[in-house]
Amino acid sequence: MLRLYNTRTRKVEEFKPHRGRDVRIYVCGLTPSAEPHLGHARSFLFFDVLRRYLRHLGYSVLYVQNVTDIDDRSIAASLQEGLPVFEVVARHFVSFKRSMQRLGVAEPDLEPRATEFIGPILTMIEKLVESGHAYVSEDGIYFRVASFSRYGELSGKHVDELMVGARIAENEHKNDPLDFALWKFAKPGEPSWDSEWGAGRPGWHIECSAMAHELLGEPLDIHGGGYDLVFPHHENEIAQTESIERPPMANYWVHGGMLLFEQKKMSKSLGNYEPLEKLLDRVDPQAVRLWFLQTGYRKPINFNEEALAGARAGIAKLRKAWRTLFNAAFGDAQTDGHALIERIHEVVWATQDYDDLVARVDEALSDDMNTAAALAALFDAAGKAEEYVRRGEARQAAVAFTYALSLLNLFAERKWLEEPKLEIDPRLIEELIERRNRARAEKDFATADKVRAELAAQRVLLHDTRDGTTWSVAE
RNA sequence: GGCGACGUAGCCAAGUGGUAAGGCAGAGCUCUGCAAAAGCUCCAUUCCCCAGUUCGAGUCUGGGCGUCGCCUCCA
């Protein structure tokens, strides 16, 4: 059983899907008008873990995450760069996909683009106009907020208390400052699609209402996104959908906390960020994943290099423990990461043991996705890896540990499980170790230390143990 | 001005009434020619401040202080 915080009720509630085991999730995706940043990563990484956990609970999950591939900022960027909008959008979107892959975020089941759903969008607008919830104005078609009595319910806003002045842009022709655009008539040179009212493009909010309706239908079990989407985006989606479809649009509204940089929200408009791809070139994506998962998903987090470095060390600890357990349980898998992966699936799916570790992780995640508490359980187990081996429980511990890790997808990429690559031939390493040990036997420590230094330069670390000298690769 | 969130050790962070998880960093010990690894141990009498409720509060109530988010495109 999962308990989830629902923005609409402001309470943690028991999650009950509308259609039995069939769970439908719609998450507002990226508007690729600029390079994606770490804040985007946080949000989608959380929903990735949520999906994995729902599947663990036995639900069949259909996860839809849209792409807003047409909007004002993208058009502005295309004019500035002198490139077609689709080219600008595609570049940022592809970059986003690469980063998501590196972070171990699974692909959405469906990833619809706004421009592929112009038909359903226009159908919805037509219904809204016919029913009087929308009106045609000089520069576009607007939703009449006053026509929807529950407006503000999701975000807890009172319509008459909003600072509405700022909402009126000079060139907009709204009846009411709160009204928002469903369709924007094209200005010369702008990309546009034909409609019965005139060529134009969809407003931001309508695409989600239309695509969610078309692909999943109401009510969605979970509608998600970043906290900054609660108002006005999700509020507007509710107004549009529930004006013409049977409410509610969604049963659970789930929002992720913001990522801050120097105490300010990381955002495209402030530009206070390093492009995600560049960041992932210098910070281990797996450490990023751990760092996010060590904090509650609804809390704001400050970007923090020191914490990120700490997560890097933490991931090394988990990896080490995992290797210790797995090598003890399935010793032949010493360095072949691919073989290890195959074994994981073989073993995990063949075993449904729920020992203490898995139970603890399960309990933590069921409590509003408390990934930090789940990780604490994992670290406790990691600290006991040697003990499990000594007690002859390596196999069971390895299975439980692997299963728990897979719920968080911490070792998402195969290479994360492999030993770091070496340029030096292992046979040469063995030769050098022998030479060094002969020197040590003769108390020729100068030569011995020279060998150690030579190997260290190749990232090979030597460990003298009671049973002889072993080596490992520095990470 | 309205609505909302947060404030726990050097850093990050879990914890909504029962006596402070976990990670990083740090310290000591075992082992050791050196080094590392590994193991063991230690590291908040205290949770922004002040009142209050309670047998008992980081957890509830009231009041401060500070930070952030939304109200304009934003995960």
Side-chain angles (χ1 to χ4, degrees), chain A residues 7 10 12 27-31 33-34 36-47 65 68 71-74 76 152 155-169 177-178 180 204 224-233 235 255-260 263-270 290-291 294-296 298-302 304-315 317-318 320 324 360 364 367 370-380 382-383 385-387 390 440 443-446 448-449 452-453 456 461-466 470-472 474:
Chain A
T7 306
R10 280 151 220 254
V12 175
V27 169
C28 289
L30 192 74
T31 302
S33 59
H37 57 66
L38 196 56
H40 301 120
R42 182 189 185 192
S43 191
F44 299 119
L45 202 150
F46 166 69
F47 286 107
Q65 184 176 299
T68 304
D71 81 311
D72 294 353
R73 291 173 68 92
S74 304
S155 56
K157 307 241 184 245
H158 301 284
V159 167
D160 47 350
E161 284 166 351
L162 295 169
M163 284 172 65
V164 294
R167 289 187 65 106
I168 313 176
L178 281 175
F180 54 90
W204 176 35
Y227 216 87
D228 54 353
L229 297 186
V230 175
F231 190 92
H233 186 53
E235 197 73 70
H255 295 97
M258 295 292 100
L259 178 70
L260 311 180
Q263 304 296 331
K264 285 281 169 205
K265 187 177 87 165
M266 188 173 279
S267 69
K268 285 187 289 199
S269 43
L270 289 176
L290 178 65
W291 181 54
Q294 279 185 303
T295 305
R298 289 191 280 127
K299 278 186 77 169
I301 324 184
N302 241 308
N304 181 313
E305 298 276 3
E306 194 183 341
L308 231 25
R312 182 71 192 74
I315 213 73
K317 185 174 186 169
L318 290 176
K320 177 95 188 168
T324 298
R360 252 182 94 186
D367 179 17
N370 190 337
T371 51
L375 279 162
L378 224 28
F379 275 107
D380 278 344
E386 298 281 343
E387 188 184 327
R390 259 185 273 118
R440 289 172 72 209
K443 304 272 187 206
D444 177 6
F445 295 126
D449 289 347
R452 176 188 286 290
L461 303 177
L462 300 184
H463 318 298
D464 297 322
T465 71
R466 289 195 191 89
T470 63
W471 58 275
S472 64

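Just so it is clear, the model here is predicted, and its values are computed rather than measured. Throughout, a chain's letter reflects where its sequence line sits, starting with A, and its residues are numbered from 1.
Remark: A:H40 NE2 to A:K268 NZ distance equals 4.5 Å, nearest 0.5 Å. If you take CD1 on A:I315 and CG on A:L290, they are separated by 4.5 Å, rounding to the nearest 0.5 Å. The line from CG of A:N302 to CG of A:L260 is 5.0 Å long, rounded to the nearest 0.5 Å. To the nearest 0.5 angstrom, A:K157 atom NZ is 11.5 Å from A:L178 atom CG. Here the straight-line distance linking atom NE2 of A:H255 with atom OG of A:S43 works out to 9.0 Å at 0.5 Å rounding. To the nearest 0.5 Å, the span separating CZ on A:F445 from CZ on A:R452 amounts to 11.5 Å.
Here A:D160 lies out of heavy-atom contact (under 4.0 Å) with every strand. A:G39 comes within 4.0 angstrom of a nucleotide base, judged by non-hydrogen atoms across all strands. As judged by a 4.0 angstrom heavy-atom cut-off over every strand, A:A313 is placed among residues touching the sugar-phosphate backbone only. No contact: A:R298 has no heavy atom under 4.0 Å from any strand. As judged by a 4.0 angstrom heavy-atom cut-off over every strand, A:L270 is placed among residues making no nucleic acid contact. Base engagement by A:G257 is indicated by at least one non-hydrogen atom pair under 4.0 Å involving a base atom. Across all strands, A:G224 comes closer than 4.0 Å to no nucleic acid atom at all (heavy-atom distances). Nucleic acid contact for A:K157: base, since at least one base atom lies under 4.0 Å from a heavy atom of the residue. When heavy atoms are screened at a 4.0 angstrom cut-off, A:R73 is found touching base atoms of the nucleic acid. Base contact: A:S267 has a heavy atom under 4.0 Å from a base atom. When heavy atoms are screened at a 4.0 angstrom cut-off, A:N304 is found touching the sugar-phosphate backbone but no base atom. Using a 4.0 Å heavy-atom cutoff across all strands shown, A:H37 reaches at least one base atom of the nucleic acid. Using a 4.0 Å heavy-atom distance criterion, A:N302 is classed as making no nucleic acid contact.
Nucleotides B:rA57 and B:rA20 are separated by 13 Å at their C1' atoms, to the nearest Å. Look at the P atom in both B:rC48 and B:rU30: the space between them is 40 Å, to the nearest Å. Separating the P atom of B:rG10 from that of B:rG26 is a span of 16 Å, rounded to the nearest Å. Distance noted for atom C1' between B:rU61 and B:rG23: 34 Å (whole Å). Taking the P atoms as reference points, B:rA14 lies 15 Å from B:rA21, given to the whole Å. Taking atom P on both B:rC43 and B:rC3, the two are 46 Å apart, rounded to the nearest angstrom. Distance check on atom C1': B:rC49 versus B:rG7 gives 11 Å, rounded to whole Å. Of the P atoms belonging to B:rG15 and B:rC6, the separation is 11 Å, rounded to the nearest Å.
A 4.5 Å side-chain heavy-atom check between A:R360 and A:D380 finds at least one atom pair inside the cut-off. A heavy-atom distance below 4.5 Å is not found between the side chains of A:R73 and A:T31. A:Y227 places a side-chain heavy atom less than 4.5 Å from the side chain of A:T7.
The listed nucleotides are B:rC3, B:rC73, B:rA75; the one nearest the side chain of A:P232 is B:rC73. Across B:rC68, B:rC34, B:rA21, the shortest atom-to-atom separation from the side chain of A:A372 is found for B:rA21. Among B:rC68, B:rG4, B:rC12, the nucleotide with an atom closest to any side-chain atom of A:R10 is B:rG4. Checked against B:rG33, B:rC70, B:rA75, the side chain of A:H40 finds its nearest nucleotide in B:rA75. The side chain of A:L259 sits closest to B:rA75 out of B:rA75, B:rG23, B:rC73. Distances from the side chain of A:F44 to the nucleotides B:rC24, B:rA75, B:rC68 place B:rA75 closest.
Checking B:rU67 for Watson-Crick or G-U wobble geometry (two distances, each under 3.5 Å) identifies B:rA5 as its partner. Figure legend. B:rA75 is base-paired to no nucleotide; pairs are counted as Watson-Crick or G-U wobble with both atom distances under 3.5 Å. Shown here, B:rU54 forms no base pair; nothing in the strands shown gives a Watson-Crick or G-U wobble contact with both key distances under 3.5 Å. The partner of B:rA21 is absent, by the rule that a Watson-Crick or G-U pair needs both atom distances under 3.5 Å. Across the strands present, B:rC40 finds its partner in B:rG28; the criterion is a Watson-Crick or G-U wobble pair with both atom distances under 3.5 angstrom. Under the Watson-Crick and G-U wobble criteria, each requiring two contacts below 3.5 Å, nucleotide B:rU46 is left unpaired.
Remark: the A:S155 side chain and the B:rC70 base include no donor-acceptor N/O pair separated by less than 3.5 Å. Evaluation of atom-type donor-acceptor distances gives no pair under 3.5 Å for the side chain of A:K265 against the base of B:rC68. In terms of polar N and O atoms assigned as donor or acceptor, the side chain of A:D449 comes within less than 3.5 Å of the base of B:rG33 in a complementary pairing.
For A:E235 (side chain) and A:S155 (main-chain N/O), a donor-acceptor pair under 3.5 Å exists by modelled atom type. No donor-acceptor pair under 3.5 Å is formed between the side chain of A:D367 and the backbone N or O of A:N370.
Aromatic stacking of A:F379 on B:rG22: not satisfied for centres closer than 5.5 Å together with planes under 30 degrees.
The interatomic distance linking A:R360 (CZ) with B:rA21 (P) rounds to 11 Å, in whole Å. Here the P atom of nucleotide B:rA14 and the CG atom of A:D380 are 16 Å apart, to the nearest Å. A:L375 has its CG atom 11 Å from the P atom of B:rA14, to the nearest Å. Taking atom CZ on A:R440 and atom P on B:rA35, their separation rounds to 13 Å, with Å as the unit. Per the geometry, CD belonging to A:E306 stands 8 Å off C1' belonging to B:rC12, to the nearest Å. Residue A:D444 contributes atom CG, which lies 13 Å from atom C1' of B:rC34 at whole-angstrom precision. One atom, OH of A:Y227, and another, P of B:rC73, lie 18 Å apart when rounded to the nearest Å. Per the geometry, CD1 belonging to A:I301 stands 16 Å off C1' belonging to B:rG7, to the nearest Å.
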Using the 3.5 Å cut-off, write out each protein N or O paired with an N or O of nucleotides 36-39 of chain B and the distance between them.
none

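Between A:K299 and B:rC12 there is no side-chain polar atom (N or O) within less than 4.0 angstrom of OP1 or OP2. An OP1 or OP2 oxygen of B:rG33 is reached within less than 4.0 angstrom by no side-chain nitrogen or oxygen of A:K443.
Each of A:A448 and A:L260 lies near RNA chain B, and the nucleotide nearest A:A448 is the one positioned closer to the 5' end. When each of A:M258 and A:V230 is assigned the nucleotide of RNA chain B with its nearest heavy atom, A:V230 is the one assigned upstream, toward the 5' end.
Annotation for A:G39 and A:L259: closest pair N-CD2, 3.5 Å, computed over non-hydrogen atoms.
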